[in-house]
Amino acid sequence: MPRVLSGIQPSGQLTLGNYIGAIQNFVKLQETHECFFMVVDLHAITVPQEPAALREQTEAVAALFIAAGIDPNKASVFAQSHVAPHAELGWLFTTLAYMGELERMTQFKDKSSGKDSVGAGLFVYPTLMAADILLYNADLVPVGDDQKQHLELTRDLAQRFNQRYGDMFTVPQPYIPKVGARIMSLDDGTKKMSKSNPNPASYIALLDPPDVIRKKISRATTDSGREVKFNPAEKPEVSNLMSIFSHCADLTLEEIEARYEGQGYGAFKKDLAEAVVSKLEPLQKRYAEIRSSGEIHDILKQGAENVSVIAHQTLREAKERMGFLLPR
Ligand code: TYM
């Protein structure tokens with residue numbers, strides 16, 4: 001079975017963007033692939049995290065994976081910091097990467113721009129991500145559009161290693177949804193919906209109560225005009241809402257256009273809010289059950305146990321090829 005790996009940072013509330021861009025595909029791929037899904041806590045600390053919040057969010061993200069439909073009997077769900085080889089292989093790849101290629105990463109540029117001091121971890125972040133993926137020789141990596149550049153770097157690093165030390169790593173492919181790869185902010189159709197946006201009205205959190213969701217959608221910015229038409233260049237805000245609708249109500253963009261022809265934005269936004277609420281309600285209910293049962297700790301333990309053998313084997317082989325004297 002081909003392998004899939006992906007991860008999500010426990011650095012704030014997960015949003016509908018994370019769900020549509022990534023988690024929905026995790027759930028789909030677990031039926032046909034050997035899957036590894038991680039809560040990437042080592043990545044989260046590339047910006048300061050309050051310790052109690054980091055612990056809480058790590059558990060919350062893992063519980064959201066399960067609540068969204070990831071079956072721990074089909075996929076391995078684990079915390080990155082529970083499997084030590086991630087950090088060690090990450091270091092090996094940091095030494096293979098060039099400053100220039102890391103400086104070109106748009107996510108680094110966005111996160112560091114205008115800041116007086118920028119953590120070194122934020123700069124080398126993509127080499128740890130490469131290690132995450134290559135440790136398991138993943139074939140496919142389901143992510144949203146914003147991670148494409150990191151995936152390209154991962155491919156380059158895999159090829160660089162293979163050239164220097166002999167073929168070892170699988171060069172992975174990104175798996176990006178056609179519609180919804182970049183869900184935009186509700187208050188600005190030119191910015192990505194993000195859990196780190198200080199304005200909570202700009203995103204829908206997966207755990208937002210129904211009334212909050214309704215309010216956020218009714219206040220979402222819409223383009224001038226009143227036609228419900230998919231045209232990201234000219235109508236970015238309505239097109240974004242249509243992408244969300246398409247995923248939540250399982251309708252094509254054409255079906256949505258036909259349904260709201262001549263009706264303006266009002267009816268469309270009302271139905272959209274109900275579609276999002278219905279999509280998230282079962283997830284929220286399962287989430288509450290999972291959190292109160294405490295089962296997430298066993299799931300994470302089992303997940304780390306499942307993947308550890310592969311991770312240690314890969315790390316050992318990489319070290320051997322690079323010339324480390326291995327303990328006998
Ligand atoms: P993170 O935690 O920022 O986001 C998790 C996933 O959600 C996707 N995503 C979106 N998709 C569509 N629209 C949006 N507005 C949106 N916002 C976020 C992201 O593309 C991502 O797929 N570097 C990664 C985490 C990571 C990782 C990995 C991913 C670490 N190691 C190995 C894959 C494989 C990140 O920061 O994602």
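Counting starts at 1 for both ligands and their atoms, in listed order. These figures come from a predicted structure and were not determined experimentally.
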Query raised in the report: Of L151, I133, N18, I8, which has the heavy atom at the shortest distance from atom 4 (O) of ligand 1?
Result: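 Among L151, I133, N18, I8, the closest heavy atom to atom 4 (O) of ligand 1 comes from N18.
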Looking only at N/O atoms, are [X] and ligand 1 under 3.5 Å apart anywhere?
X	result
G7	no
K195	yes
I183	yes
G17	yes

Atoms of ligand 1 less than 4.0 Å from [X] heavy atoms?
X	value
V141	33 (C), 34 (C)
H43	30 (C), 31 (N)
G180	12 (C)

Requested in this report: Would you confirm whether K195, through its side chain, and Q9, through its main-chain N or O, come within 3.5 Å as a donor-acceptor pair?
Outcome: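 Yes; at least one donor-acceptor contact below 3.5 Å.
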Requested in this report: Could you tell me whether a side-chain N or O of N18 sits under 3.5 Å from a main-chain N or O of T15, the two making a donor and an acceptor?
Outcome: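 Answer holds: yes.
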Query raised in the report: For V40, is the nearest heavy atom under 4.0 Å from an atom of ligand 1?
Result: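 Yes; V40 lies near enough to ligand 1 that a heavy-atom distance drops under 4.0 Å.
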Query raised in the report: So, is the end of the K270 side chain (NZ or CZ) under 6.0 Å from the ring centre of Y265 and within 45° of the ring's axis?
Result: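 Ring-cation test returns no.
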